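Comments concern the structure below.
Ligands are counted one by one from 1 in listed order, and the atoms in each one are counted from 1 as well. Note that this is a predicted model, so its numbers are computed, not measured. The residues of the chain are indexed from 1 along the displayed sequence.
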Amino acid sequence: MPKRSSILLIYTGGTIGMIKDPVSGELKSFDFKHMYGQIPELNRISVIIHSASIEKPIDSSEITPQHWIDLVKIIEKNYSNYDGFVILHGSDTMSYTASALSFLIQGTKKPIILTGSQLPIGTIRTDGKENLITAIEIAAQKDEYNQSVIQEVCVYFEYSLYRGNRSSKVSANQFEAFKSPNYPPLAVAGVDINYDFDKLYRSTEKTTTFWKSIDTNVALIKLYPGLPYETYESLIEISKFKAIILETFGSGNAPSSAVFQSSIRNYIKEGGIVLNVSQCSSGMVEQGKYETSSFFQKVGVLSGSDITTEAALAKLMYVLTLDYDLETKKKIIEINLCGEKSS
Ligand code: ASP
């Protein structure tokens, strides 16, 4: 008989483990032990499940990069003892955490799957049970060589498994709350769980690296018609941020404001990194396609291609910690490191 897989379930909070405050009516996180008691089905899965929790379970709006590092530490400490990891996380910032973990844990040979729910686990119509049980089944799945089928960081929600650094939360009220607009789902759960084997990520790294530092010196600026560039000028300074993500229009376009262009040009001259990411959820940045993006190409703004904003932010925070010169860091930002972009 094949050995049962063992999974570490890591609880961080989120709606899945929340309960209504009887006085205020607000949803608040509660102790993991209570949540565990709500899912007797866990005892019937043929998987060994142990659990861990961050110190204080929180709504994922409270998640900070320090929590990402805490998760890296929990996974590193337990890496050799488990076949996979399932992280229960609020859906609001789940794609940020999934993206960050994909850069901070490089070369994993084991699945790290984030899941959560739109309705608390204690409510009758909860989506949490299916999400949790299937995430555990996927994390426990081995191939004929006894290797994990999934060897990357993923998000599992409402019957679909997505690459974590390709996912985005797209709905605040639908059970189908996530999408991966520029990369197909890695698996779809129906009667069977159907994997798209050709799309699964396989790292060429021999060892798994756990990165325990992050540099949050990154700004994110979303362009909009009429943005007062003069006001933003004082933000686009190397003394304030080491890197800036510009969320631009369409395929990477921006208005030709002289103030904006000169602040970007000076910022790059001073050693700042600028990454161009599209506000559109699907498609990609193509600098130089339109006159309104040629400027970026000329001054050395990096193209984010089809990366999500969540992954771009996490990638910059990771790359800034690397002990390389500026040009090498820029090259790393432009390449596909762990499946986060197509080109
Ligand atoms: N506000 C909640 C959170 O992200 C929403 C959810 O879990 O779905 O923690």
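- The main-chain N or O of Ser342 is found under 3.5 Å from a side-chain atom of Asp306 such that the two form a donor-acceptor pair.
- Those atoms of ligand 1 that come under 4.0 Å of a heavy atom in Gln118, given as number and element, are 8 (O).
- Residues in residues 93-103 take part in no salt bridge (charged side-chain N to carboxylate O under 4.0 Å, His left out) pair, two or more places apart or across chains.
- For Lys240 (side chain) and Ser234 (main-chain N/O), a donor-acceptor pair under 3.5 Å exists by modelled atom type.
- Considering backbone and side-chain atoms together, Ser117 places an N or O closer than 3.5 Å to an N or O of ligand 1.
- Considering only non-hydrogen protein atoms, atom 4 (O) of ligand 1 sits nearest to Ser60 OG, 2.5 Å.
- Judged by the 6.0 Å and 45° rule, Lys110 forms no cation-pi pair with Tyr82.
- Trp211 has its side chain within reach of Leu322: a pair of non-hydrogen atoms, C-beta onward, lies under 4.5 Å apart.
- Of all the atoms in ligand 1, the ones that sit under 4.0 Å from a non-hydrogen atom of Gly14 are 7 (O), 9 (O).
- Under 4.0 angstrom from ligand 1, there are no non-hydrogen atoms of Ala177.
- On a distance-only criterion, Thr15 and ligand 1 share at least one N/O pair closer than 3.5 Å.
- Scanning the protein for heavy atoms near atom 8 (O) of ligand 1, the closest one is Ser91 OG, 2.4 Å.
- Side-chain atoms of Asn276 and Val274, non-hydrogen and from C-beta on, never get closer than 4.5 Å to each other.
- Ring planes of Phe103 and Tyr318: parallel class, angle under 30° (limits at 30 and 60°).
- The shortest N or O to N or O distance between Asp92 and ligand 1 is under 3.5 Å.
- Considering backbone and side-chain N/O of Asp59, one or more are found under 3.5 Å from N/O of ligand 1.
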